[in-house]
Amino acid sequence: MVFYLIGLGLGDPRDVTVRGLEVIKKCERVYLEAYTSIISGGKEGLEKFYGREVILADREQVEQASDDLFVGAGSSDVALLVVGDPLGATTHTDLKLRAHQLGIPIEVLSNASIMNAVGCCGLQLYHFGETVSIPFWQDGWEPVSFCEKINRNLRKKLHTLCLLDIKVKEQSLENLLRGRKIFEPPRYMSVHQAAQQLLTVLQRHNAGAPDSSRGPGNDNEWLLTKDTQCVGIVRVGTSSQHIMRGTLKELAESDLGEPLHSLIVCGECHPMEEEALTKLAAYYDGRQKDYHNSTRKQGVFHIVGLGLGQPGDVTVKGLDLIRKSSRIFLEGYTSIMAGGVEAMEALFGRKIIVADRELVEQKSEEILQSTHNGDVAFLVIGDPFSATTHTDLIVRALDENIQVNIVHNASILNAVGCCGLQLYSFGEAVSIPFWQDGWRPDSFYDKICSNLENGWHTLCLLDIKVKEQSVENLVKGRKIYEPPRFMTMSQAAAQLVETINIRASQGRPTPVGPDQLVIGLARIGTSTQQLKACTLEEMVEVDLGDPLHTLVVVGETHPMEDEYVDMYRS
């Protein structure tokens, strides 16, 4: 009937969504993709939690014998479980494409991945450039392209998320050539190993590079040095999560313990990012107390991500915390969810207090003081670190010495992978605001052009106006609010086209023109999800219905990405 790709999230079996767990229990067969990541408790822990058999699927089965996974999917439900988000790796994106080509119905259940959970360190997700992978060097194979990409991000003052290599069920070259099914022990690259490789590349570059390549302003200038600020983040989403900030040289000498590790090379940090990073690194020092074992009388402040589209997208872990909390707040102005508050209250079995912008941003002490009477759950549609507002609230809780606990979930920043474009190939995300009352900013266009210059795709986050006041009512102090407005992809496209026309009339360059390829996404993660690929000019006339909408400006594409674009043209 359906082939499901189900994200398991970051840390343990309870990070699966409520809807995902329901699907897993009803499927005829359930496979676990077991080579791109690891999960606490492994296969046995999942089987115990699900109460059913889980079949391990190795690289060979997923990438070379995928038809075996699809067997029976025409008449019964089959699921492939993926640690993190289902579309976080090219392998899974390719699998979805193959299912589509075979006419097999496929459904993706998104979840948190390091691509969006990296916000746990306090750096804003909007300020990250292209993601890079750092592989283990071996047998004379020592690629350095990742270092060049990091420098390209640094020249644009952007942070870089470095995904570190994992070797599971790998064969040595000798065993591979001789056809022997003998596999090497699993290896997981650590922060210090990645930093050491970067330092080696730097040393070789400095020893061999001409002086002209080192000067400021040179397009090939290497800004990465041993003193560049970096962040190591390990075991994200678990009780032993550790965040360490230091120079590249300091991280090369660090020992952050068990996997999984990721490395961030910092670009230019905003003062708010500096403060958040400093305080979150101090809190997640690897020695923080597990809130389960805390003897403090004051409650815990739980920030729970609700995922993308519907109440069932909450994780099992998140639902358990919601039901145990003494008070539950819902941040109700940066996104919306199908069914609204009533649908959430029906599933959660609890009364929810809707927190508007004024309460969250100006009167947050009312929320935080509630922890004096027990645990408090603060619910966020998407992931807790998707918006600056939520990071600021977490920092304020830490300032009050309140114990915090983060439950990650999917957000559009990683779920955008559903369009078939590789998440690694996205540059800086941009926000497109509604133009109004003579206020017509267009800096988003410059950022899109900057991304396109490097061949990167651009995720455009479209404006939401909930409980907003007009300038007149704001000035006169009248608590009268405008009707909610949610920018559509056609409105965003219209503003982009108008920006292009204005600049062209002024004789200014317009690298992104009306014929630029774009993809519109509507209601991602819901049963009414829709995608449309066309030119920017054509998108002005596209109507994909109810919110929420997102727009992607397509950069340079890989052949597999081209297949997805063609699929969404119709």
Side-chain angles (χ1 to χ4, degrees), residues 116 124-129 156 158 270 308 333-336 357 381-382 386-389 411-416 418-419 421 423 426-454 456-468 482-504 508-524 530-555:
N116 67 311
Q124 291 304 308
L125 296 174
Y126 301 2
H127 296 160
F128 279 77
K156 293 183 177 292
L158 299 175
H270 183 277
L308 296 165
Y333 62 93
T334 61
S335 193
I336 56 174
R357 185 186 298 274
I381 297 171
S386 295
T388 312
T389 294
S411 74
I412 191 61
L413 288 154
N414 67 302
V416 67
C418 69
C419 72
L421 301 179
L423 295 177
F426 277 77
E428 183 179 11
V430 307
S431 296
I432 301 182
F434 279 114
W435 284 345
Q436 55 190 354
D437 301 328
W439 183 72
R440 298 162 69 88
D442 60 3
S443 59
F444 52 83
Y445 179 79
D446 296 313
K447 292 179 179 178
I448 293 170
C449 292
S450 178
N451 283 341
L452 196 64
E453 179 186 352
N454 287 297
W456 300 337
H457 312 307
T458 305
L459 171 63
C460 302
L461 305 171
L462 309 188
D463 203 2
I464 294 174
K465 298 290 187 186
V466 177
K467 206 174 180 181
E468 295 273 340
E482 302 294 298
R485 290 192 297 155
F486 306 94
M487 183 178 281
T488 65
M489 59 190 74
S490 62
Q491 290 172 315
Q495 287 189 188
L496 277 165
V497 169
E498 188 170 349
T499 299
I500 292 165
N501 291 337
I502 290 171
R503 293 192 177 202
R508 299 167 65 187
T510 53
V512 174
D515 59 348
Q516 176 66 42
L517 178 63
V518 297
I519 302 176
L521 303 89
R523 300 173 302 283
I524 297 305
Q530 285 184 277
L531 294 93
K532 173 66 177 177
C534 59
T535 67
L536 184 61
E537 195 168 39
E538 290 169 339
M539 187 62 75
V540 175
E541 304 299 326
V542 171
D543 181 5
L544 291 187
D546 293 336
L548 294 167
H549 289 197
T550 308
L551 184 70
V552 174
V553 179
V554 182

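The figures here come from the full heavy-atom set of this structure, side chains too, leaving out hydrogens, waters and symmetry mates.
With rounding to the nearest 0.5 angstrom, the CD1 atom of I381 is 7.5 Å from the CD1 atom of I336. A distance of 9.0 Å separates CG in L459 from OG in S431, rounded to the nearest 0.5 Å. Going from atom CD of Q124 over to atom NE2 of H270 covers 9.0 Å, rounded to the nearest 0.5 Å. Note: D543 CG to T488 OG1 = 7.5 Å, rounded to the nearest 0.5 Å. For the atom pair CD of Q530 and CG of L521, the computed distance is 11.0 Å after rounding to the nearest 0.5 Å. Rounded to the nearest 0.5 Å, atoms CD1 (I519) and OG1 (T550) are 12.0 Å apart.
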Q) Could you walk me through whether L421 and V416 pass the side chain to side chain contact (heavy atoms under 4.5 Å, CB included) check? A) CA-CA 8 Å; L421 301 179; V416 67; over 6 Å; no
From CA spacing to verdict: side chain to side chain contact (heavy atoms under 4.5 Å, CB included), I464, Y333: CA-CA 8 Å; I464 294 174; Y333 62 93; over 6 Å; no
Practice problem: Walk me through it: do R485 and Q436 pass the test side chain to side chain contact (heavy atoms under 4.5 Å, CB included)? | Solution: CA-CA 13 Å; R485 290 192 297 155; Q436 55 190 354; 3.4 Å; yes
inquiry  = If you apply the rule side chain to side chain contact (heavy atoms under 4.5 Å, CB included), what do you find for L496 with I448, and how did you get there?
reply    = CA-CA 10 Å; L496 277 165; I448 293 170; 3.8 Å; yes
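In terms of the salt bridge (charged side-chain N to carboxylate O under 4.0 Å, His left out) criterion, residue partners of R440 (sequence neighbours excluded) are, by chain and number, E498. For K447, there are no side-chain hydrogen bond (donor to acceptor under 3.5 Å, both in side chains) partners, not counting sequence neighbours. Every residue two or more places apart in sequence or in another chain was checked for a salt bridge (charged side-chain N to carboxylate O under 4.0 Å, His left out) with D546, and none qualifies.
Between the Q495 side chain and the P433 main chain, a donor and an acceptor come within less than 3.5 Å of each other. Under a 3.5 Å cut-off, the side chain of H457 and the backbone N or O of G555 do form a donor-acceptor pair. In terms of modelled atom types and a separation under 3.5 Å, the side chain of N414 and the main chain of S411 share a donor-acceptor contact. In this structure a side-chain-to-backbone donor-acceptor pair under 3.5 Å is missing from Y126 to T388. Distance alone, capped at 3.5 Å, places no donor-acceptor pair between the N451 side chain and the W456 backbone. When atom types are taken as modelled, the side chain of D463 and the backbone of F434 share a donor-acceptor pair closer than 3.5 angstrom. At least one donor-acceptor pair closer than 3.5 Å links the side chain of T535 to the backbone N or O of E538.
Scanning both residues, V497 and L536, for their nearest heavy atoms gives CG2-CG, 3.9 Å. A pairwise comparison of heavy atoms in S450 and K156 identifies OG-NZ, 2.7 Å as the closest pair. The two residues L544 and K532 have their closest heavy-atom pair at CD1-CB, 4.0 Å. Nearest heavy atoms, L308 versus A415: CD1-CB, 3.5 Å. Scanning both residues, V542 and C534, for their nearest heavy atoms gives CG2-SG, 4.2 Å. Contact record, M487 with H549: O-CB, 3.8 Å, taken as the closest heavy-atom pair.
Within the 4.5 Å cutoff, the side chain of V430 has no heavy atoms near those of the Y445 side chain. When side chains are defined from C-beta on, F426 does not count as touching L413, because their heavy atoms never get closer than 4.5 Å.
Ring planes of W435 and F444: tilted class, angle from 30 to 60°.
The number of heavy-atom neighbours closer than 6.0 Å to CD of E537, taken from other residues, nucleotides and ligands shown, is 12 or below.
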